[in-house]
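Lettering of chains follows the sequences in order, A, B, ..., and the numbering in each one begins at 1.
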Amino acid sequence: MKEVTKMSVDFDRWYTDVVRKAELADWSGVRGMMVVRPYGWAMWEAIMRAFDDMIKDSGHENWAFPLLIPREFLMKEAEHIEGFAPEVAWVTRAGGAMEELEEPLAVRPTSETIIGPLIKRYIQSHRDLPKLTNQWNSVVRWEMRSRLFLRSREFWWQEGHTFHAYAQEAMEEADLILGYYRAIAEDWLAVPVLVGKKSPAETFPGAVYTLTVEGLMRDELALQMGTSHYFGQNFARAYDISFSNKENERELCHSTSWGISTRLVGALVMAHGDDSGLIVPPKVAPIQVVVVPIFRDDDGQAKVRRFIDGWSGELKRAGIRHRVDWRDERPGDKYAHWELKGVPLRLNVGARDADAGQVELVDRLTRQKAAVPVAGLADRLGKELEDFQRRLYERAQKFQRDRTYELGTLDEVVAHFREKGGFVWTQWCGDTEEEGRIKAEAGGVTIRTIDEESKASGRCLVCGRPAKFRVALAKAY
RNA sequence: CGGGGAGUAGCGCAGCCCGGUAGCGCACUUGACUGGGGGUCAAGUGGUCGCGGGUUCAAAUCCCGCCUCCCCGACCA
């Protein structure tokens, strides 16, 4: 049957099993390139819709920029290209005879270096600003080690790129988007996140600073779920993206970029799943309610069908995404199937229920069953779904709280991560070499985020000097 | 990209050492019985043995090259 490796036995195998058996995605035969199947893509579509609405409401516009980037464009911003060089794929030949191109073209790993030189045409005056662009596309990064959704050589995302007359406005933009990302993670995916700034070592190549949202997965590893970058005038300087201000002087733009990707589908799997499979948050669930009819013979089937037909239209009108599973399988198979796929609510409906005018409601989180009258079913299910979304978030929040610690010294941190995972808050002086020592000595532990809300108070965990930053440490994907 | 392992039906595997008719379980198809938590029986379908080359009368099996996947390390949305 469709056995899934137990999460407690081997989390990585569990993840791979679940992603494939729940029909989210597969490998394609070309190393690192994945096929996203309809059930997985539908979750990404829900995320896309939610985020697209948010940015449209705040004046952003979708564009389409080219897939291939001329080498000279890519090479302009020194720090940026240095950061991305190891993972850029190049087109060097084309045509029937596979002729060598005079100038190689980079397959975009991200589009700052092509949007910059193209967008400047459309920016002349301060009246053209801000220019708030976004594109939904896929990018290629030549990773050496891949995992479905979390690290594939091609992945799908949105990349926003904005250009502003004022530094303050660009920084506010980066903050605004970070807030959207937090909403996507917490309100839509039901994954609580730490929100803050990256250390210089973890900052996006070419950025002045990078803001991040970090979630905690059920194997107690952190996952970066979205980043928003403030570039200052770095990219504007490299590509001469400038405008005439009110005094008719030339000035360089201040720019930002920000992205969330199909990685978020992996995040939802790892943040909520259990030994039976996925648990999908109702707001992004392709199927929120599955109906399993139970019958013995044709008469029984007809009776159950009439009963279900009596209220399924009402569910549809109420906007509840549901499916009636009429496949010729046994009920037990169907239960296991839809649990693996993480459908939040299930209705078991047999002749006895039809007679009683009720359905059996089964909750994917608690597995509890309850008899529910069909009168007012759509309202009831709507409330149940909202409640499910809330309970799922609270469960993840408790999980995260129970695995968030406060430690003072590097020795304590090293000892902690020998035994446990989770987030460890500590104090840091800001020295990048000392940050490297944490990573080396604690076995891949990194600074996930710098707390921007509260001030550092104690001493640096490495050197003992007065700390400048309060930081969250974790092992991460 | 370094070390190790593996590619045979949709999935999981045996066969390879010692060359000679391509097999098993699950899934799938059909039928019957069944049906409120992963059923039973019967009869079937399905294969360029990862790709290319070599050795041989003959290659899934031996040799060479390549591709892909998995595990472990260094780099990463």
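- In this structure B/rU40 sits in a base pair with B/rA32, meeting the Watson-Crick or G-U test at under 3.5 Å.
- Under the 30°/60° scheme for interplanar angles, the aromatic rings of A/Phe51 and A/Trp136 are found to stand perpendicular.
- Following rounding to the nearest Å, A/Ile47 (CD1) and B/rA77 (P) show an atom-to-atom distance of 19 Å.
- Figure legend. B/rC17 is base-paired to no nucleotide; pairs are counted as Watson-Crick or G-U wobble with both atom distances under 3.5 Å.
- Within 3.5 Å, a donor on the side chain of A/Arg346 pairs with an acceptor on the base of B/rG37, or the reverse.
- Both thresholds, 5.5 Å between centres and 30° between ring planes, are met by A/Phe155 relative to the base of B/rA77, so the two rings are stacked.
- B/rA58 makes up no base pair with any nucleotide shown, lacking Watson-Crick or G-U wobble contacts both under 3.5 Å.
- Note: CD (A/Glu82) to C1' (B/rC75) measures 14 Å, nearest angstrom.
- A/Gly443 comes within 4.0 angstrom of nothing in the nucleic acid, heavy atoms only.
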Sort me out a list of protein N/O and nucleotides 71-73 of chain B N/O pairs below 3.5 Å, or just none if empty.
from: B/rC72; atom 1: OP2; to: A/Arg145; atom 2: NH2; distance (Å): 2.8
from: B/rG73; atom 1: N7; to: A/Arg145; atom 2: NH1; distance (Å): 3.3

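- A/Trp258 pairs in a ring-ring contact (aromatic ring centres under 6.0 Å, His included) with only one of the listed residues (A/His60, A/His161, A/His229), which is A/His60.
- Among B/rG37, B/rA77, B/rG35, the nucleotide with an atom closest to any side-chain atom of A/Arg263 is B/rA77.
- Between A/Trp338 and the phosphate of B/rG37, there is no side-chain N or O to OP1/OP2 separation shorter than 4.0 Å.
- Considering only the side chain of A/Asp353, B/rG36 comes nearest among B/rG36, B/rA77, B/rG37.
- Side-chain contact annotation: A/Thr256 with A/Glu173, donor-acceptor N/O pair under 3.5 Å absent.
- Shown here, B/rG2 forms a base pair with B/rC72; the pair counts as Watson-Crick or G-U wobble because both key distances fall under 3.5 Å.
- Using the Watson-Crick or G-U wobble rule with both distances under 3.5 Å, B/rG7 pairs with B/rC67.
- Across the protein-nucleic acid pair, A/Glu329 atom CD and B/rA27 atom C1' stand 11 Å apart, rounded to whole Å.
- Residue contacts shown for A/Ala85 are absent, as no nucleic acid heavy atom lies under 4.0 Å away.
- A/Ile294 places its CD1 atom 7 Å from the P atom of B/rG36, with the value rounded to the nearest Å.
- Residue A/Arg153 is classed as having no contact, given no heavy-atom separation below 4.0 Å to the nucleic acid.
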Walk me through whether A/Phe204 and A/Phe84 qualify under ring-ring contact (aromatic ring centres under 6.0 Å, His included).
CA-CA 10 Å; A/Phe204 183 84; A/Phe84 275 102; 5.5 Å; yes

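- Nucleotide B/rC24 has B/rG12 as its partner under the Watson-Crick or G-U criteria, with both atom distances under 3.5 Å.
- In this structure, the nucleotide among B/rA77, B/rG35, B/rG38 sitting nearest to the side chain of A/Asp333 is B/rG38.
- The shortest distance between the side-chain N/O atoms of A/Arg330 and the OP1/OP2 oxygens of B/rG35 is not below 4.0 Å.
- In summary, the side chains of A/Ser276 and A/Glu339 do not present any donor paired with an acceptor at a separation below 3.5 Å, with no hydrogens or angles considered.
- Side-chain contact annotation: A/Trp156 with A/Asn137, donor-acceptor N/O pair under 3.5 Å absent.
- What separates CD1 of A/Ile184 from C1' of B/rA77 is a distance of 16 Å, to the nearest Å.
- Here the side chain of A/Arg352 is nearest to one of B/rG36, B/rU68, B/rC70, namely B/rG36.
- Contacts of A/Glu143 with the nucleic acid, taken as non-hydrogen atoms under 4.0 Å apart, include base atoms.
- Set against B/rA77, B/rG37, B/rG36, the side chain of A/Glu360 has B/rG36 as its closest nucleotide.
- Of the listed nucleotides (B/rC70, B/rG37, B/rG38), B/rG38 has the atom at the smallest distance from the side chain of A/Ala336.
- Between the side chains of A/Trp338 and A/Asp325, at least one donor-acceptor pair of N or O atoms lies under 3.5 Å.
- Remark: A/Arg49 is not positioned above the aromatic ring of A/Trp188, lacking an NZ or CZ atom under 6.0 angstrom from the ring centre and at most 45 degrees off the axis.
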